[in-house]
Amino acid sequence: MKVRTRFAPSPTGYMHIGNLRTALYEYLIAKSQGGDFLLRIEDTDQKRYVEGSTDIIFNTLKTVHMDWDEGPDIGGDCGPYIQSERRSIYQEYAHKLVELGGAHYCFCAARDDEEEDDETKIPTKFKDPCKRISLEQAKARIAAGEPYTIRQTINKKGVSHFHDEVYGDIEIDYDELDEGVLLKTDGLPTYNFANVVDDHLMGITHVVRGNEYISSTPKYNLIYEAFGWVPPVYVHVPPVMKDAQHKLSKRNGDASFQDLVEKGYLPEAILNYIALLGWNPGTDQEIFSLEELKKCFTAERLNKSPAIFDIVKLTWMNGCYIRNLPAEKFHELAMPHYQKYLHRELDLALLSSVLQPRIETFNDIASQTDFLEKMPEYGLELYTNKKMKTDVEVAKKTLALALTDLQKVSDWKNDVLFESLKELAVANELKNGQILYPLRIALSGKETTSGGATEIAAILGKNETISRIEQAIQKLGNEK
RNA sequence: GGUCCCAUCGUCUAAUGGUUAGGACAUCACCCUUUCACGGUGGUAAUAUGGGUUCGAAUCCCGUUGGGAUCACCA
């Protein structure tokens with residue numbers, strides 16, 4: 001039988017990292033076995049609907065190249081793929097379930113949302129008075145226009161068993177199960193019902209979802225059973241955590257996929273990182289393209305325990321991806337950042353080659369290049385460096401030497417500049433660092449920079465370099 | 001609270017009864033080097049706890065502790 005999985009998000013806002021990881025696992029389970037991956041929008045809760053979130057879902061999946069085989073935008077044999085458009089299907093099946101004895105009509109008034117007190121909760125199990133209403137009576141009340149819900153009927157005793165690919169065999173007592181609402185007063189189904197009906201109708205073979213659904217899984221199996229349907233393979237996955245106690249959630253302001261992309265992370269790196277958050281290949285390999293993941297993914301290597309999202313490791317991995325980018329691609333991606341911060345005439349191609357091995361996210365560009373735009377304020381103590389054997393006096397002397405030397409250079413390239421200054425050092429019996437270290441300070445006002453002194457000079461161009469050296473010499477003279 | 005689930009370095013994890021408990025990130029040291037970064041080498045660092053079972057336990061069983069989930073006309 002062909003493997004079919006589905007990603008079934010609610011359009012309630014941004015794409016969370018945990019959601020994306022679930023989607024990835026669903027995608028990989030299908031694609032590793034030549035199966036289908038479908039997209040279904042679960043918008044049965046009109047109150048939580050957020051405008052535009054469906055597009056975010058589409059766009060996110062597209063940017064990470066997780067293409068779906070059937071979905072709201074492209075259709076398929078099992079449409080529609082938006083639950084609010086499947087209303088009549090659920091109603092048909094819900095009433096059918098009542099006939100089959102798996103559910104009953106309930107006329108209890110809608111619960112007051114204000115009431116939070118545990119004691120005031122309507123105990124749904126055994127005490128639902130509507131369970132005792134005969135089918136004929138119930139139908140008559142409905143015909144009379146009385147509002148109703150359809151509630152699951154659970155009469156089974158004993159313990160329910162089911163198998164989960166990640167957690168193994170789970171046992172839950174039927175007494176623990178609530179007779180939840182399946183079809184709401186508004187005629188729309190709850191997740192508990194829509195999910196089962198859709199997964200069956202869409203031929204879903206593997207259901208991947210958060211482990212918070214483990215305890216309600218027996219309820220879903222009861223519905224499958226009542227209809228005579230075959231339940232899917234269950235793959236419950238642990239949550240992605242912010243820290244040991246809290247799940248990662250947008251609600252707490254934790255980073256969403258979009259946020260990370262805006263912070264300068266590459267979609268491929270994010271996807272690679274989250275793939276490994278709760279799954280491992282059984283080898284030491286850590287860098288995976290989506291294609292590679294498709295080849296080696298197996299649900300057996302999914303982990304049972306929650307994993308803390310570690311931005312530091314993601315940052316490292318992003319650095320790996322940045323370094324592996326073709327130089328032109330890096331330059332292309334860096335360009336918008338340059339345009340944002342740098343307005344002076346600079347050798348941007350050289351800047352890119354200097355930056356590529358050094359930055360870990362594109363947002364690092366700002367702090368790495370600020371001095372190119374404008375010399376920062378700095379203190380003369382920067383010129384003193386024990387290892388480089390420099391101090392203010394040495395700097396005064398070597399900057400003057402460097403100035404006259406550089407003024408003679410016409411082919412303004414890093415190699416040329418470097419060779420020239422190296423020869424200058426030899427000629428004056430100086431260490432390279434005694435010329436180059438003060439030069440970097442003079443050009444950047446910083447103790448450390450991306451790239452060496454001559455690279456900075458090459459990026460800045462001859463005029464600006466000469467000008468900055470002159471200013472530095474003046475500063476050294478004045479403040480003596 | 002009832003029920004279910006989870007527990008290896010700070011973090012992500014490997015080791016499906018026999019390993020000096022391995023790798024990666026982070027961290028520290030050294031090397032490379034015009035600073036920084038990259039790269040290289042090495043170091044620090046873990047089986048929550050108490051009992052079993054076994055010749056032998058991170059691994060199997062029970063208890064304890066800690067954590068999470070669930071008990072909605074949300075998903």
Side-chain angles (χ1 to χ4, degrees), chain A residues 8-10 12 42-45 47-48 106 108-111 113 118 121-125 147-151 164 166-168 170-173 175-178 180-186 188-192 194-195 209-218 236 238-239 241 243-247 273 276-286 301 303-317 319 323 354-360 368 385 387-388 417-418 421-422 425 431-437 439-441 444 446-456:
Chain A
S10 300
T12 54
E42 309 220 329
D43 60 344
T44 57
D45 186 358
K47 292 189 290 291
R48 298 210 308 162
C106 174
C108 298
R111 287 181 201 177
D113 288 339
D118 283 358
K121 268 167 87 175
I122 297 172
T124 52
K125 185 69 176 170
Y148 68 97
T149 61
I150 291 181
R151 211 176 258 285
D164 181 86
V166 174
Y167 289 94
I170 308 274
E171 294 186 356
I172 291 171
D173 201 298
D175 282 345
E176 293 298 321
L177 273 26
D178 266 348
V181 168
L182 266 20
L183 199 73
K184 299 182 276 185
T185 319
D186 64 5
L188 249 21
T190 59
Y191 168 89
N192 299 325
N195 216 259
R209 50 155 76 125
N211 69 3
E212 68 268 25
Y213 291 99
I214 285 180
S215 42
S216 43
T217 296
H236 286 97
M241 309 292 283
D243 55 47
Q245 275 77 36
H246 309 281
K247 270 195 199 187
Y273 175 70
L276 263 27
L277 212 51
W279 176 84
N280 78 83
T283 67
D284 284 345
Q285 185 178 350
E286 291 199 289
R301 297 202 70 92
N303 243 306
K304 288 185 181 67
S305 24
I308 298 173
F309 182 87
D310 183 6
I311 191 81
V312 175
K313 184 148 187 179
L314 168 62
T315 304
W316 163 78
M317 191 172 277
R323 287 191 293 277
V354 165
L355 252 25
Q356 184 167 6
R358 284 170 241 264
I359 62 170
E360 291 190 302
Q368 295 290 307
N385 184 295
K387 195 182 164 199
M388 292 297 123
L417 298 173
F418 187 57
L421 291 176
K422 226 163 85 176
K431 288 176 62 99
N432 288 349
Q434 289 178 297
I435 294 179
L436 295 166
Y437 191 85
L439 180 58
R440 187 187 30 265
I441 306 291
S444 69
K446 290 184 163 190
E447 206 168 5
T448 64
T449 56
S450 290
T454 58
E455 280 166 317
I456 295 170

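In what follows, every chain begins at residue 1, and chains take the letters A, B, ... in the order their sequences are listed.
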Under 4.0 angstrom between A/Lys184 side-chain N/O and B/A75 OP1 or OP2 | yes

State, without any angle test, whether A/Asn195 and A/Glu42 hold a side-chain donor-acceptor pair at a distance under 3.5 Å.
-> yes

Is A/Leu314 close to A/Asp310 at the side-chain level, that is, under 4.5 Å between some pair of heavy atoms?
-> no

Compare all side-chain heavy atoms of A/Thr217 with those of A/Ile170 and state whether any distance is below 4.5 angstrom.
-> no

Phosphate contact (B/A14 OP1 or OP2) by A/Asn280 side-chain N/O below 4.0 Å | yes

What is the pairing partner of B/C32, taking Watson-Crick or G-U wobble pairs with both distances under 3.5 Å in any strand?
-> none

When we call it a touch if two heavy atoms are under 4.0 Å apart, what does A/Gly451 touch: a base, just sugar-phosphate, or nothing?
-> base

Spell out yes or no: do the side chain of A/Tyr213 and the base of B/A75 have one donor N/O and one acceptor N/O closer than 3.5 Å?
-> yes

Base B/U34 to side chain A/Thr454, donor-acceptor N/O within 3.5 Å cut-off | yes

Do A/Phe418 and the base of B/U34 stack face to face, with centres under 5.5 Å apart and an angle between planes under 30°?
-> yes

Is there a donor and acceptor pair, one atom on the side chain of A/Lys313 and one on the base of B/A24, closer than 3.5 Å?
-> yes

Does B/A15 have OP1 or OP2 sitting under 4.0 Å from an N or O in the side chain of A/Arg301?
-> yes

No-H, no-angle donor-acceptor pair, A/Ser450 side chain to B/C36 base, under 3.5 Å = no

